[in-house]
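Structure record follows, encoded as structure tokens.
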Amino acid sequence: MGVAVRVCFVGDSFVAGVGDETHRGWAGRLIARGIEHGYELTGYNLGVRGDTSTIIRQRFEAECAARLPAGDYAVGIVFSFGVNDVIRWSSKPRVAAGERIANLAAILDQARAHQWPVLMIGPPPIADDALNEQLRELDAQMQARCELADVPYLSVHEQLADNEVWRREVAADDGAHPRAAGYDLLSGLAEEAWDNWLQELAARLER
């Protein structure tokens, strides 16, 4: 039997897998990969459509505490969010530019206080060039903050922005979410970071 691991996937509609006709999303694909690699893995999808970093900051601690109690297993959290922060409502972004990294810093601090290892996956591109410019900037800022906190960060924005399958699927759906082929791409980009992170979780348990 493999190492027992419990992982919460926390974020927005991309974490939830909105648009995927197979109902797995990238999180479900990574969970399946972990199980295939021999981990006794329990994955909890806590993606909520429309969530911003502000909302995630408010909710994730209680939700993860209920799913990651102390026990004879490794635990961790995969975060991914950011697109809803730059979306504009009534001509204003849903989260002010100055608050986005402050939210991320607080989230990482809360996770560290619980000794929950974190893997962060950056926001993907959507079918809006102006918002994508803001997402590129946010992606770089988030990566810098995660590096400062010694948290592994995977940027997927540029690779997906240049991918014809991703762009076609997003444009054909609602302008934001891909279908199954797009989630295949995103999970494929995340595989190496996911594999390495799971290995680190297992190593922590064995220490």
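- A distance-only check finds no donor-acceptor pair linking the side chain of R168 to the backbone of N163 [under 3.5 Å].
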| field | From CA spacing to verdict: salt bridge (Lys or Arg N to Asp or Glu O under 4.0 Å), D195, R33 | value | CA-CA 9 Å; D195 291 347; R33 181 179 176 86; 2.7 Å; yes

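- V78 and I55 are not part of a single hydrophobic cluster, where members link through side-chain heavy atoms under 4.5 Å apart.
- Comment: D174 engages R49 in a salt bridge, judged by a side-chain N to carboxylate O separation of less than 4.0 angstrom.
- Taking every heavy atom of both residues into account, T22 and A180 meet most closely at CG2-CB, 4.0 Å.
- Looking only at distances, a side-chain donor or acceptor of R88 sits under 3.5 Å from a matching main-chain atom of S91.
- In this structure, the separation between CG on N84 and OG on S13 is 6.0 Å, given to the nearest 0.5 Å.
- Grouping the Ile, Leu, Val, Met, Phe, Trp and Tyr side chains by contacts below 4.5 angstrom, directly or via other members, places W26 apart from V48.
- Closest approach of W166 and L185 over heavy atoms only: N-CD1, 3.8 Å.
- Ring centroids of F79 and F60 are separated by less than 6.0 Å, placing the two rings close together.
- Contact check on R204 versus E200 returns a salt bridge, with a Lys/Arg side-chain nitrogen under 4.0 Å from an Asp/Glu carboxylate oxygen.
- Taking both residues in full, the closest heavy atoms of V170 and P178 are given as CG2-N, 4.0 Å, listed atom of the first, atom of the second, then distance.
- Using a distance-only test at 3.5 Å, with no hydrogens or angles considered, a donor-acceptor pair links the side chain of D85 to the main chain of S53.
- Transitive grouping of hydrophobic side chains (ILVMFWY, heavy atoms separated by less than 4.5 Å) brings L104 and I87 into a common cluster.
- Heavy atoms only, all atoms of each residue included: N45 and A27 are closest at ND2-CB, 3.8 Å.
- Atom-to-atom distance recorded for E36:CD and L30:CG is 11.0 Å, nearest 0.5 angstrom.
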| message | Apply side-chain contact (heavy atoms from CB on, under 4.5 Å) to residues V156 and I121 and explain how you reach the verdict. | response | CA-CA 7 Å; V156 298; I121 298 177; 4.3 Å; yes

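- In the displayed structure, D129 atom CG is contacted under 6.0 Å by at most 12 heavy atoms of other residues, nucleotides or ligands.
- A salt bridge links R179 with E21; the closest basic N to acidic carboxylate O contact falls under 4.0 Å.
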| task | For the pair R59 and D12, evaluate salt bridge (Lys or Arg N to Asp or Glu O under 4.0 Å) and give the outcome as yes or no after the intermediate values. | result | CA-CA 12 Å; R59 73 173 173 89; D12 52 23; over 6 Å; no

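- Residues I56 and V95 are members of separate hydrophobic clusters, defined by side-chain heavy-atom contacts under 4.5 angstrom among Ile, Leu, Val, Met, Phe, Trp and Tyr.
- Aromatic ring centres of Y39 and W194 lie farther apart than the 6.0 Å criterion allows.
- Hydrophobic clustering places Y73 together with L46 (ILVMFWY residues linked when any side-chain heavy atoms are closer than 4.5 Å, directly or through intermediates).
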| query | So T42 and V5, side-chain contact (heavy atoms from CB on, under 4.5 Å) or not? Walk me through it. | reply | CA-CA 6 Å; T42 301; V5 184; over 6 Å; no

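- In this structure, NE2 in H157 is found 13.0 Å from CD in Q143, a value given to the nearest 0.5 Å.
- The CG atom of L186 lies 7.5 Å from the OG atom of S80; values are rounded to the nearest 0.5 Å.
- Between V83 and I126 the shortest side-chain heavy-atom distance falls below 4.5 Å.
- P123 is listed as a side-chain neighbour of M142, based on a closest heavy-atom distance under 4.5 Å.
- C64 and I77 get closest at one heavy-atom pair: SG-CD1, 3.7 Å.
- The shortest side-chain heavy-atom distance between H177 and Y183 falls under the 4.5 Å cut-off.
- Other residues, nucleotides and ligands place no more than 12 heavy atoms under 6.0 Å from the CG atom of D150.
- With a 4.5 Å cut-off on side-chain heavy atoms, L138 and I101 count as touching.
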| query | Passes side-chain contact (heavy atoms from CB on, under 4.5 Å), R67 versus R6? Steps please. | reply | CA-CA 8 Å; R67 292 162 176 83; R6 297 187 183 186; over 6 Å; no

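- Between L68 and W116, some side-chain heavy-atom pair lies under the 4.5 Å cut-off.
- The pair R136-E133 meets the salt-bridge criterion, with a side-chain N (NZ, NE, NH1 or NH2) lying under 4.0 Å from an Asp/Glu carboxylate O.
- A distance of 9.5 Å separates CG of N196 from CG of L119, quoted to the nearest 0.5 Å.
- For the pair L201/P117, a side-chain contact is recorded, criterion being any heavy-atom separation below 4.5 Å from C-beta on.
- E40 places no side-chain N or O within donor-acceptor distance of the main-chain N or O of V3, the cut-off being under 3.5 Å.
- Without hydrogens or angle criteria, D139 side chain to L135 main chain gives no donor-acceptor distance under 3.5 Å.
- A donor-acceptor contact closer than 3.5 angstrom links the side chains of T54 and N103.
- The main-chain N or O of G50 is found under 3.5 Å from a side-chain atom of R94 such that the two form a donor-acceptor pair.
- Side-chain contact check for R57 versus Q110: some heavy-atom pair is nearer than 4.5 Å.
- No side-chain heavy atom of W197 sits less than 4.5 Å from a side-chain heavy atom of E192.
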| task | Starting from the C-alpha separation in whole Å, work towards a yes-or-no answer on salt bridge (Lys or Arg N to Asp or Glu O under 4.0 Å) for D20 and R29. | result | CA-CA 11 Å; D20 182 1; R29 286 164 170 77; 2.7 Å; yes

| task | List the steps and the verdict of side-chain contact (heavy atoms from CB on, under 4.5 Å) for V10 and V15. | result | CA-CA 7 Å; V10 181; V15 175; over 6 Å; no

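- By the neighbour-count criterion of 12 heavy atoms within 6.0 Å, atom CD of Q115 is sparsely surrounded, having that number or fewer from other residues, nucleotides or ligands.
- Taking every heavy atom of both residues into account, D184 and S187 meet most closely at O-OG, 3.0 Å.
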